[in-house]
Structures are given as structure tokens and as C-alpha cells.
Q: 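Could you have a look at this structure, given as C-alpha cells, before my questions?
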Amino acid sequence: MASNTGGNGVDLWSEIIASQQQQQQQQQSHVEVFYRRRKPSKTPPDVLPPKQMGLEDDGIHHRLSLVVLPPGPTKRISWNRSLSTRGRTSIAVGTCINHQPQPKKGKRKGKPPRPKGKQFKPQNFEMERMYFEEVDAFELLEESPSPKVFGTWAGANNTDSVALTHLSTRLNKWLICRNLNYSCGPSSTLSKILGTPSVKLEPIDCHNIDPENLKTPEKSSAKGTSRLPCAEITSHKVEDVGNEGFEELEASVKKLSLASTSSSDALQFNPFATLLAVCEQSVPSKFQDVFSKYCDPQEIIKIGEGTFGEAFMAGNYVCKIVPIDGDFRVNGEVQKRSEELLEEVVLSRTLNYLRQHQEDARNACTTFIGTIDLKVCQGSYDASMIKAWEEWDENNGSENDHPNEFPDKQRYVMFVLEHGGKDLESFVLLNFNEALSFLVQVTAALAVAEAAYEFEHRDLHWGNVLLSRNESATVQFILEGKKMSVKTFGLLVSIIDFTLSRINTGEDILYLDLSSDPYLFKGPKGDKQSETYRKMKEITDDCWEGSFPKTNVLWLQYLVDILLLKKSFERTSKNERDLRSLKKRLDTYGSAKEAISDPFFSDLLVERVQIIDLDD
């Protein structure tokens with residue numbers, strides 16, 4: 001391509017190239033070197049050294065800046081102008097650092113001037129000084145005997161008087177119950193310990209025990225003083241504690257020393273040996289030996305389970321098996337102890353006396369389940385029991401631990417009971433008449449047990465009431481000498497499980513201290529059963545030894561709620577209104593004896609006959 005030329009014949013490209021070369025020669029002739037001194041500064045740790053940034057350092061903090069001065073008066077241009085601040089700050093600065101001028105901090109204000117004419121006294125710390133001196137002088141009580149007075153507690157030769165800071169919770173509860181329920185008599189065990197002179201205890205022989213000593217008020221004479229087998233500690237006569245001497249009794253309780261309650265020699269009482277004696281045994285039995293009395297061991301069938309035990313069907317009877325005295329948890333719960341089962345065993349046998357309709361009986365009923373036999377067993381489950389257990393697990397999904405997990409020396413208590421039918425939870429009521437008969441039978445049974453033994457069930461949920469059908473038209477009750485015949489409509493009721501129950505046999509008060517199980521009262525809000533436990537706690541004020549028959553009324557209200565919730569049986573709107581009205585009226589009754597007189601039950605109480613009291 002030919003290049004264009006001007007009018008005078010000069011090449012334009014040649015002129016442009018020549019002018020650029022001339023400008024470059026002029027710029028090279030004006031290059032000068034300037035040195036600037038800058039103050040030494042510490043490089044932040046996150047900034048690279050000068051050599052890594054392409055700069056030179058002469059070791060004495062001089063920075064070399066190469067400046068090109070254009071010809072003429074052109075202002076000099078520094079290469080690091082765009083990388084510096086006002087030509088003084090190095091480009092070696094840290095990131096995320098505020099380089100703006102910081103405001104000056106205000107001067108610290110002095111103390112305000114004191115007002116003239118007023119005198120201020122210095123603070124007085126005398127009270128604090130006295131407090132800390134008192135704390136320093138205080139000696140903490142030791143939980144175990146001091147080596148300086150070794151053996152004074154165990155040997156009962158301590159001459160120093162120890163002041164008890166407060167009465168124990170257990171004794172306080174006993175005193176409250178004693179004040180509120182004096183008519184029931186004092187707590188037999190505690191009163192006799194406090195009222196018995198200090199004597200050397202004789203060894204207890206549990207082998208020569210007459211089972212007939214286990215009596216109820218109806219069986220024992222008025223002058224009898226027998227107690228539970230092996231529980232009689234001393235033969236000294238115990239004086240009855242009256243209301244006038246209650247203050248002295250309370251003072252004696254407060255003076256009760258630690259040695260009298262913590263010493264292992266205070267009570268030589270073996271609960272397991274006593275349990276064997278009550279069950280008329282000298283040694284524990286084997287499972288197969290007990291089952292063989294009632295059926296072929298190969299025909300055992302498991303029919304139910306609970307947290308503390310399991311139920312097997314043996315012929316026409318139900319065998320309830322409860323593990324005891326183990327040092328490991330069963331089904332997530334601590335195993336029951338012999339003393340706990342001892343109370344339930346005695347309570348079951350005591351209620352059995354109500355089933356004996358004698359001519360002179362003042363209180364009788366057959367609603368409480370009949371106890372056929374009571375045995376203490378030891379050893380592993382037999383092969384037939386394991387088979388029955390696994391079949392139940394396969395069909396129903398057991399929530400209990402497998403019996404193979406128990407050791408070979410595990411102890412059990414076996415209750416051989418009558419077969420009472422299905423529980424209310426699974427039983428299907430047909431009509432309102434059956435529901436009505438159910439309530440009447442439960443109320444009458446509780447009233448009879450209240451009159452006979454101050455009985456309180458305290459756990460009468462729908463799993464502890466069994467129902468069955470038969471051809472009998474009526475069932476008989478005797479309440480304080482009055483015979484009552486109740487229409488059944490072919491329905492029979494049986495009350496079971498007396499683990500939490502309370503009873504006064506006339507010689508002992510048997511109960512379970514529910515205050516030791518706080519989780520029992522922490523059930524879900526709105527749940528009928530959980531709410532009933534909490535109402536019981538309010539009524540008893542957590543004093544479970546006392547007599548509070550109102551707890552039976554609470555469980556009657558619970559059963560009314562269950563009937564209202566069950567939609568299986570036929571009823572009218574009027575029937576439901578009657579049930580709700582009954583529940584409201586139950587609030588006005590203090591016991592089942594009072595509730596049985598409610599008009600709701602009058603149609604089913606077909607006969608009332610007054611029995612002449614021979615004592616009168």
C-alpha cells in the first residue's frame with residue numbers, strides 16, 4: 001500500500017517517527033534522581049517486606065523514588081504518588097486498618113467537689129467484720145466420727161450432747177398424722193420404739209412362728225397384742241399414748257438421737273425371714289413346684305405384664321410374679337424390697353377375711369380379688385415359662401426385660417389369685433345398666449373396706465379393675481351390720497393390685513410412702529390418672545400414713561370420667577347427664593361410705609336388712 005505524501009512531496013510517516021524519537025531524547029536528558037528520608041516505622045505483621053513488594057531498602061530507612069521531570073515547567077510526577085498519602089506514608093500498610101485521624105480522648109473527670117459545711121463519715125464495716133469472724137469461728141459438723149473421739153457414735157459412749165438442728169421429715173410427717181388421725185391409734189412401730197424403755201434386745205427367732213398370729217380385728221381378741229411375725233421386738237408392755245400425753249411424745253421424738261435410728265442393733269428385724277414366715281415357708285420354693293399344684297407346667301400361658309411383674313395363667317388361677325431384693329434394675333425400675341412386698345402380702349391376706357360371710361360379720365364383700373396362695377420363689381424361669389414369655393412377646397411385643405437376664409439366685413414373690421376377667425381398659429360394656437352396676441359394686445366394696453380396715457386403694461385406675469360375666473343376678477355386701485344386695489345385670493367386678501394401698505389391721509398400719517416416688521405426680525397435665533395422683537397428694541399433704549378416705553372418692557370420680565370417655569356401650573344423653581351430676585355430687589362426700597348413699601345407686605340396692613348387734 002503506497003503512503004500518501006504532502007503537497008511539497010514530504011512523507012508524513014517519516015515526520016511522525018522523527019518527532020517521537022526527538023521527544024524520547026528530550027525526556028532521557030531530563031531524568032534526575034532524588035533521595036527522600038522517611039521516619040522509621042514498624043511494619044504490620046500482615047504486610048510483606050519491601051523486597052517482596054518490588055522496592056529497595058538501603059538498610060537505613062531511605063526510600064528511592066524515581067521521578068521523571070518533563071521539559072519546561074511541567075510539574076514533577078512521582079511513581080508512588082498513587083500508592084502514598086501526601087507523599088509521606090509508605091505503601092507498606094496493613095489491610096482492614098483505619099488510617100483516618102482518630103479523635104482525641106476526653107480528659108478524665110475528677111471527683112465532684114464536696115459541699116462546704118458538711119462532714120462525711122467514712123463507711124462502717126463493723127457488721128461485715130463481725131460476720132466473717134463468726135464464720136471463721138464456726139466448726140462444721142462431720143458426717144463421720146472424728147478420729148479424736150473415735151468410736152463414740154457406734155459404741156454409744158459419746159458424752160457430748162449433739163443438738164439436732166431440725167426434726168427429720170419422716171418424724172414430722174408422723175407427728176402430723178398423729179394429730180390429724182388420733183382415732184386410728186398411733187403408728188405401732190414408731191410409738192413402741194419411743195415408748196419402750198431402753199433394754200437389751202433379745203435375738204429374734206423367726207423359725208418358731210405360728211401363722212395364726214397374723215390376725216385381723218375381727219379375728220383377734222380385744223386383749224390380743226400380737227403383731228406381724230418376727231416384728232415383736234420386746235415383751236415389755238407399751239402404754240397407750242393419749243391426747244394429754246402427746247406433747248411429751250413430741251418432745252421425746254425431738255430428743256431422739258442419731259444413734260437410736262442409725263444403729264444396726266436398734267431393730268434386729270429381717271424382712272425376708274418374716275416374708276417367708278408369713279408365706280408359711282422356711283426356704284424359698286422353685287417355680288415348677290408351685291405351678292405343678294395348679295396345672296401341668298407345660299400348659300402355662302402368659303396373659304399380661306406390668307412394670308414390676310408379670311402374670312401367667314395356671315389352670316383356673318392367675319400367678320402374679322414380682323422380682324425382689326435384686327441389686328440391678330428391672331424394666332428400668334429399682335426392684336422392690338422384701339419389706340414392701342411384706343406389706344402387700346399381709347394386706348392381701350387381710351382383705352381375704354372380707355370374703356368370709358360369717359353370721360356375726362359386720363363387714364363383708366367378695367369384690368376384692370381372692371388370694372389363693374402366696375409363695376417366695378428363687379431361681380431362674382423354667383423352660384415352660386420362657387416359652388410362654390416368648391410367645392407373648394411375639395404376639396404382643398413385650399416391653400419388659402427378657403427373663404434370661406435375671407441371675408440364677410434371683411428372688412420372687414408369687415401371688416396365686418382367682419381369675420377376675422379382663423380389665424376395664426379392654427372390657428366391652430354392653431349398656432348403661434352394666435356401667436351403673438360396675439360403679440355400684442366398686443363403691444360398695446370400698447365402703448365395706450373403709451369400715452373394716454380404714455382401707456384406701458390409692459391406685460384404682462382402669463387396669464386394676466377386672467370385669468367378667470356370669471349368671472348371678474345379685475352380689476351381696478355387708479356394711480356395718482347392714483346386708484345389701486346389688487343388681488349385677490350379669491356383671492361381676494374384682495379389684496386387684498394393692499401395692500400403693502393403705503390399711504389398718506388394728507395392730508399395724510400398712511402403707512407405701514409415695515413421697516419417695518416424686519415422678520408418680522409428674523404425669524402429663526390433663527391426663528385423668530395423673531391428675532388423680534396429684535389430687536391425692538394435695539389431700540394427704542404428702543403424709544401417706546394417715547387415713548384419708550377421700551382418696552377413694554377421687555378414684556370413683558376418675559372411673560366416672562372413664563365411663564364418659566368409653567363410647568362402646570349404649571347410653572342416652574340423660575345417662576351422660578346423670579354421670580356428670582354424680583361426679584359433681586361426689587365432691588361433697590368424704591368417703592365411699594358416704595357416697596354409697598347417693599340417689600344414683602338407690603335403684604340397684606334392692607335390699608337393706610338391719611342385723612342385730614349382739615354386743616349392744
Q: Could you give all pairs that pass the salt bridge (charged side-chain N to carboxylate O under 4.0 Å, His left out) test and reach residues 592-602, with sequence neighbours left out?
A: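 Sorted pair list: Glu480-Lys593, Arg585-Asp598.
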Q: Show me the donor-acceptor pairs, under 3.5 Å and distance only, between side chains in residues 519-527 and residues at least two apart or in other chains.
A:
| unit_1 | atom_1 | unit_2 | atom_2 | d |
| --- | --- | --- | --- | --- |
| Asp527 | OD2 | Gln529 | N | 3.3 |
| Asp527 | OD2 | Ser530 | N | 3.0 |
| Asp527 | OD2 | Ser530 | OG | 3.1 |

Q: Assess, by modelled atom type and distance only, whether the side chains of Glu390 and His402 contain a donor and an acceptor separated by less than 3.5 Å.
A: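 His402 and Glu390 do have a side-chain donor-acceptor pair below 3.5 Å.
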Q: Give a yes or no on whether a salt bridge exists between Arg580 and Glu576, defined as a side-chain N under 4.0 angstrom from a carboxylate O.
A: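 Judged by the 4.0 Å cut-off on N to carboxylate O distance, Arg580 and Glu576 do form a salt bridge.
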Q: Please list, chain by chain and in numerical order, all residues satisfying salt bridge (charged side-chain N to carboxylate O under 4.0 Å, His left out) with Asp459, sequence neighbours excluded.
A: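 Per chain and number, Asp459 pairs via salt bridge (charged side-chain N to carboxylate O under 4.0 Å, His left out) with no residue.
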Q: Keeping to residues at least two apart or across chains, list the ring pair (Phe, Tyr, Trp, His ring centres under 6.0 Å) pairs with something in residues 413-439.
A: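 Those involving residues 413-439 do not exist here.
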Q: May I ask you to decide if the ring planes of Phe406 and Tyr381 are parallel, tilted or perpendicular, using 30° and 60° as cut-offs?
A: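 Rings of Phe406 and Tyr381: parallel, under 30°.
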Q: Do Arg337 and Glu340 meet the salt-bridge criterion of a basic N to acidic O distance under 4.0 Å?
A: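 Looking at Arg337 together with Glu340, the answer is no, because their closest N to O distance does not fall below 4.0 Å.
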Q: Are any non-hydrogen side-chain atoms of Glu545 and Ile509 less than 4.5 angstrom apart?
A: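 Side-chain contact under 4.5 Å: yes.
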Q: Applying side-chain contact (heavy atoms from CB on, under 4.5 Å) to Val416 and Tyr294, what does each step give before you reach the verdict?
A: CA-CA 9 Å; Val416 182; Tyr294 308 102; 3.9 Å; yes
Q: When you measure from the centre of the six-membered ring of Phe569, is the NZ or CZ of Arg571 closer than 6.0 Å and no more than 45° off the axis?
A: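 Cation-pi check for Arg571 and Phe569: passes.
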Q: Applying side-chain hydrogen bond (donor to acceptor under 3.5 Å, both in side chains), run through Ser516 and Asp513 and close with a yes or a no.
A: CA-CA 6 Å; Ser516 60; Asp513 189 2; 5.3 Å; no
Q: Let me see the working for Ile303 and Val318 under side-chain contact (heavy atoms from CB on, under 4.5 Å), right down to the final yes or no.
A: CA-CA 9 Å; Ile303 59 174; Val318 176; 3.8 Å; yes
Q: Run the side-chain contact (heavy atoms from CB on, under 4.5 Å) check on Leu351 and Phe498 step by step: do they pass?
A: CA-CA 10 Å; Leu351 291 177; Phe498 314 116; 3.7 Å; yes
Q: Can you list the residues that meet the side chain to side chain contact (heavy atoms under 4.5 Å, CB included) rule with Glu399, with sequence neighbours excluded?
A: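 Per chain and number, Glu399 pairs via side chain to side chain contact (heavy atoms under 4.5 Å, CB included) with Glu305.
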Q: Given the ring of Phe477, does Lys483 sit roughly above its face, with NZ or CZ under 6.0 Å from the centre of the six-membered ring and within 45° of the axis?
A: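 Checked: cation-pi criterion not met.
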Q: Please check: side-chain N/O of Asp393 versus main-chain N/O of Trp389, any donor-acceptor pairing under 3.5 Å?
A: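 No; judged by distance alone, with no hydrogens or angles, the pair does not exist.
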Q: Apply side-chain contact (heavy atoms from CB on, under 4.5 Å) to residues Leu439 and Leu563 and explain how you reach the verdict.
A: CA-CA 9 Å; Leu439 286 176; Leu563 292 179; 3.6 Å; yes
Q: Ignoring hydrogens and geometry beyond distance, is a side-chain donor-acceptor pair present between Asp325 and Ser338 at under 3.5 Å?
A: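 There is such a pair (donor and acceptor under 3.5 Å, judged by atom type) between the side chains of Asp325 and Ser338.
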Q: Once side chain to side chain contact (heavy atoms under 4.5 Å, CB included) is applied, do any residues pair with Leu466, and if so which ones, sequence neighbours excluded?
A: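 Per chain and number, Leu466 pairs via side chain to side chain contact (heavy atoms under 4.5 Å, CB included) with Asp423, Ser494, Ile496.
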Q: Taking the six-membered ring for Trp, is the centroid-to-centroid distance between Trp555 and Tyr533 below 6.0 Å?
A: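 Yes, the ring centres sit under 6.0 Å apart.
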Q: Can Asn363 and Glu450 be said to form a side-chain hydrogen bond (donor to acceptor under 3.5 Å, both in side chains), step by step?
A: CA-CA 9 Å; Asn363 298 285; Glu450 282 179 4; over 6 Å; no
Q: Do we get Arg411 above Phe272's six-membered ring, with its NZ or CZ under 6.0 Å from the centre and within 45° of the axis?
A: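 Because its charged atom sits under 6.0 Å from the ring centre and within 45° of the axis, Arg411 does stack over Phe272.
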Q: Hey, are Asn400 and Ser398 close enough side-chain-wise for a donor-acceptor pair under 3.5 Å?
A: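 Looking only at side-chain atoms, Asn400 and Ser398 do not form any donor-acceptor pair under 3.5 Å.
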Q: Answer yes when Lys566 and Glu425 have at least one side-chain N-carboxylate O distance shorter than 4.0 Å, and no when they do not.
A: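 No, no charged N to carboxylate O under 4.0 Å.
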Q: Between Arg458 and Glu456, is there a side-chain N and carboxylate O pair less than 4.0 Å apart?
A: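 A salt bridge links Arg458 with Glu456.
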Q: Using 4.0 Å as the upper bound for N to carboxylate O, is an ion pair formed by Glu344 and Lys320?
A: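 Glu344 and Lys320: salt-bridged.
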